[in-house]
Amino acid sequence: MKLTVWTYEGPPHVGAMRVATAMEGLHYVLHAPQGDTYADLLFTMIERRKKRPPVTYTTFQARDLGGDTAELFKSAAREVHERFDPQAIIVGASCTAELIQDDPAGLAKALGLPIPVIPLELPSYLRKENWGAAETFYQIVRGLCGPFAPPPGTRRPAPDPERRPTCNLLGPTALGFRHRDDIQEITHLLGMMGVDINVVAPYGATPTDITRLGEADFNVVMYPETASVAANWLKRTFHQPMTTVVPIGVNATRDFIGEVAQITGLDPEPVLNGEPSRFNWYSRSIDSTYLTGKRVFVFGDATHAIAAARVAATEFGFKVVGLGTYAREFARDVREAAKRYDVEPLITDDYLEVEAKIEEAAPELVLGTQMERHIAKRLGIGCAVISAPVHVQDFPARYSPQMGFEGANVLFDTWVHPLTMGLEEHLLTMFREDFEFHGDAAPSHLGKGGARVEPSEPATGDAGTQTAEAAVLEPAETAAAIPEPEAATGPAEWTPEALQELKKIPFFVRGKAQRNTERYAAEMGLTRITLETLYDAKAHYAR
Amino acid sequence: MTVDLAPRPAPTQGCADTPVLKERGQREVFCGLTGIIWLHRKIQDAFFLIVGSRTCAHLMQSAAGVMIFAEPRFGTAVMEERDLAGLADANEELDRVVARLLERRPDIRQLFLVGSCPSEVIKLDLAKAASRLNRQYFPQVQVLNYSGSGIETTFTQGEDACLAAIVPTLPAETADAPKSLMVVGSLPDVVEDQFARLFADLGIGPVSFFPARRSTDVPAVGPNTHFLLAQPFLSETGRLLEDRAARRVPAPFPFGAEGTTAWLKAAADLFGVSGDRFDRVTDAPHRRARKAVQHYRDRLAGKRVFFFPDSQLEVPLARFLNREVGMRLAEVGSPYLHRQHLAEELAWLPEGTRLSEGQHVDRQLDRCREDQPDLVVCGLGLANPLEVEGLTTKWSIELVFTPVHGYEQAGDLAELFARPVLRKQRLEV
């Protein structure tokens, strides 16, 4: 038993729902009690889906438990077939139904419906959402493509050189982080190279489309969390090669193009030489100098976390001070990546542990999920969201991919916005003694009668602009998060001179300076914080 | 603006004997665990520990909106594979989780162990667990239990189950206790304070509110206690209060000017408040409420509303919309109709209103599409898809999370229904 306040992943049947809801012409008959329908609102509200998820819940009640819950399941499945006329049905149990062991697979089979019925075994007390999505996608692919598999031992016929190569895009689901736009971006990128898309799955695919997966020349694994099990099976069964690079960031996109070129024999140079991203120049532009060595903490699903760490370190010039994931299935990959940045990998789904590690690492930017956005907000640190679990804000109206060259442009904008801009940083230093420029000054455009200070206003130089995707310091909370220096806080006592000096530090970094100094004093066993201590601590924490 | 203050006659029969369409099938409603979201805000020193699965934790997170509070006073002890292997083990695990929790949160005075679908199915005895834990933690912490499972409770029934768990622990009133009034059902603090002032002005007292804001501040109960339900979903709580010799004051529910006046009048009559005094106290706020509602009546009168079942507030709200806002009722669906507690409300509904109880969501959607109402009151899972079909919807959950009771909120209540209609008229995209 584990005490859980907030979770990164739902139960595995929610993963199955993400697959079913992404598809067309498929229905999910879920043996579940009343209340499990809450999951519908994730799709209709967070993702603003225009249709109800194609899920029918059997809705058994306590009084049915002694009686015939199996009959409830059968009548629900029969009714689904009559009412929705799906091309195929997936059947399974939620956590409660798993305990009553009604065997939805056997019951559905006994109904003899004239369409494919794919049973799911998703152990709710052992596994989680992403695992459930991967397993569901695999079972659907296997169930629907299996009959079209070439006999074992047959070789894949050589592709027709007259025809453009084709591939499947595997992995995008409903409720995915920017999956909608990534599909468009990767389709465009592959099109420029001369590759056509055979099927995108599960997003937008029908069961009939799934039966055609084997016709493609190769598979693009967009999101290993959901696609790698199915892609590996397709590789074994249809001898389809698969990509291994997730094209997030400029360099990963170039690597991906190289990998596709290798699989297809196409020439990557025309696309690579086109300089299709602004990222490279924006990052080299001298105003970006201030980004150098900014401390970033990265946490998310494995795919996005590993990719973000690479982009942060090699394309932004940040320093990765933390890297972690909640996806235990991919812990090995994250551990491997963490070695490259010389950080301790953090593999946990305990939100409080992540919070403690972030606080300890004292980053200037957090790249995380909606959970880390809240943590960062509370700690007064800038944050950009890079991964599911998602929030309504993660479905922007505009085109906003993470993958490919346009995705790199999006990363540049969204990761830089929460930070204090380069030139502003100099101005802040220059004017920090100015009487008009202090923590309590009202924004200049409000005039003399201006209201209390709003830290995110330009006059105070904090570039915490509110954007939908870049979770940033919210004025009120920032103000609350930064304590005024108090002699009484912490075990060590501040001398009046040191306190005076502390007040000269711009208010938005003052809290951090105070914390660092007090921590330093504690570590050194000092009881008094003098001017010396303050600057010793500054030197100690200097990067 | 003229405000019509004349009392409206009740329909001769109302819906007292109207047959109810009883439905069985998929229900698009929350389970009782969801009540924790407002209960933990109301009882400010209580912690709600769900003993359940990852699904329960995910539900709470999704229903509450991701992470409103850093460390809320609710959480889920998520059962894992090894807990299901043997029950003795599950109990030890629970004790361990509780010990760690109470150590971390010394401010907690009341701990609810909340049963879920999986804990009910494996028959984990939380009553026994609560009494075991009480031996260890009482009186520092009082440990209670109830079930908010979806197999037993629908949405607001979770509050009923929670309050029902508290009732047996309420102190008994003394033999010479004066006649007292207990308002039952959690209300936002601001509404509670308004009602407290009205009762004081009417000279009614002593008045207590249940649940109380602090678990240590609970009212006494006994034969001189008369309770007035503020919420229509408290059937079990009402029954248990009656078991403790308290008497229910029959009344409609305090929604809208008319409902609030009738609700207060029921209490006033019981306490022998003179008609003059009653009018003096209630006239101004009643007039204010009427005026506030009138503003929206102009926009909503004559329009047809369709209620999907959600919180059991449907019948009183339909009555309010029909009698005070002038809307017509296409269907009034409720998860459960408590005939006795709703008697006054049902009598106020127009004869022949289509009432449904329970749900078969697909069939109900068929009826809704057939009816093409001007406004559909439904849950979040249905709202956007219905908007896509051209219908106008109001999220029912907002009716539970927003202060809507009493005179001063009558206008707000009408506004909640008017907003989607107004918005649709305003948008040109």
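Labels below follow one simple rule: chain letters A, B, ... track the order of the sequence lines, proteins then strands, and each chain is numbered from 1.
With a 4.5 angstrom heavy-atom cutoff, B:E120 does not touch chain A via any of its atoms. Using a 4.5 Å cut-off between heavy atoms, B:L49 touches chain A through its side chain atoms alone. Only the side chain of B:L365 comes within less than 4.5 Å of a heavy atom in chain A; its backbone stays farther off. For A:K2, the parts sitting under 4.5 Å from any heavy atom of chain B are the backbone and the side chain alike. If you measure heavy-atom distances from B:R363 to chain A, the contacts under 4.5 Å come from both the backbone and the side chain. Heavy-atom distances place both the backbone and the side chain of B:T154 under 4.5 Å from chain A.
Ring pair A:Y38/B:H58 is perpendicular by interplanar angle, where above 60° counts as perpendicular and below 30° as parallel. The aromatic rings of B:F308 and B:F306 sit tilted relative to each other, their planes meeting at an angle between 30° and 60°.
Side chain of A:E82 to main chain of A:V80: no donor-acceptor pair is present (N/O by atom type, distance under 3.5 Å, no hydrogens or angles).
Between A:D68 and A:K74, no side-chain nitrogen of the basic residue sits less than 4.0 Å from a carboxylate oxygen of the acidic one, so the salt-bridge criterion is not met. A salt bridge links B:K424 with B:E387: the closest approach of a Lys/Arg side-chain nitrogen to an acidic carboxylate oxygen falls below 4.0 angstrom. Between A:R373 and A:D394 there is no salt bridge, since none of the side-chain N atoms of the basic residue sits less than 4.0 Å from a carboxylate O of the acidic one.
By number of non-hydrogen pairs under 4.5 angstrom with chain B, the leading residue of A:D36, A:V14, A:D64 is A:D64. Here A:T59 is the residue among A:T59, A:L42, A:L65 with the most heavy-atom pairs under 4.5 Å with chain B. Between chain A and the residues B:S149, B:A383, B:C31, B:C117, the largest count of heavy-atom pairs under 4.5 Å involves B:C117. Ranking B:R96, B:R100, B:E80 against chain A, the residue ahead of the rest is B:E80, based on heavy-atom pairs under 4.5 Å. Counting heavy-atom pairs under 4.5 Å between each of A:A62, A:P123, A:P33, A:A76 and chain B puts A:A62 at the top. Of the listed residues (B:N384, B:V97, B:L59, B:T34), the greatest number of heavy-atom pairs within a distance under 4.5 Å of chain A belongs to B:L59. Chosen from A:K50, A:H13, A:R49, the residue pairing most often with chain B at heavy-atom distances under 4.5 Å is A:K50. In terms of non-hydrogen atom pairs under 4.5 Å with chain A, the most contact-rich of B:L33, B:D366, B:I50, B:L101 is B:D366. Comparing A:D40, A:L72, A:T37, A:V392 by how many heavy-atom pairs each has under 4.5 Å with chain B, the most go to A:T37. For the set A:Q61, A:R63, A:E79, A:E98, the entry with the most heavy-atom pairs within less than 4.5 Å of chain B is A:Q61. Contact count versus chain A (heavy atoms, under 4.5 Å) is highest, among B:V388, B:L94, B:D362, for B:D362.
Side chains of A:N130 and A:R328: a donor-acceptor N/O pair is absent below 3.5 angstrom, by distance only.
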Subject >> Derivation of the salt bridge (Lys or Arg N to Asp or Glu O under 4.0 Å) call for B:E93 and B:R82 >> reply: CA-CA 10 Å; B:E93 286 285 297; B:R82 56 195 188 91; 3.4 Å; yes

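Around the CD atom of A:E353, the shell of radius 6.0 Å holds more than 12 heavy atoms that belong to other residues, nucleotides or ligands. Residue-environment remark: NZ (B:K394) exceeds the threshold of 12 foreign heavy atoms within 6.0 Å. The 12-atom threshold is not exceeded at CH2 of B:W395, counting heavy atoms of other residues, nucleotides or ligands nearer than 6.0 Å.
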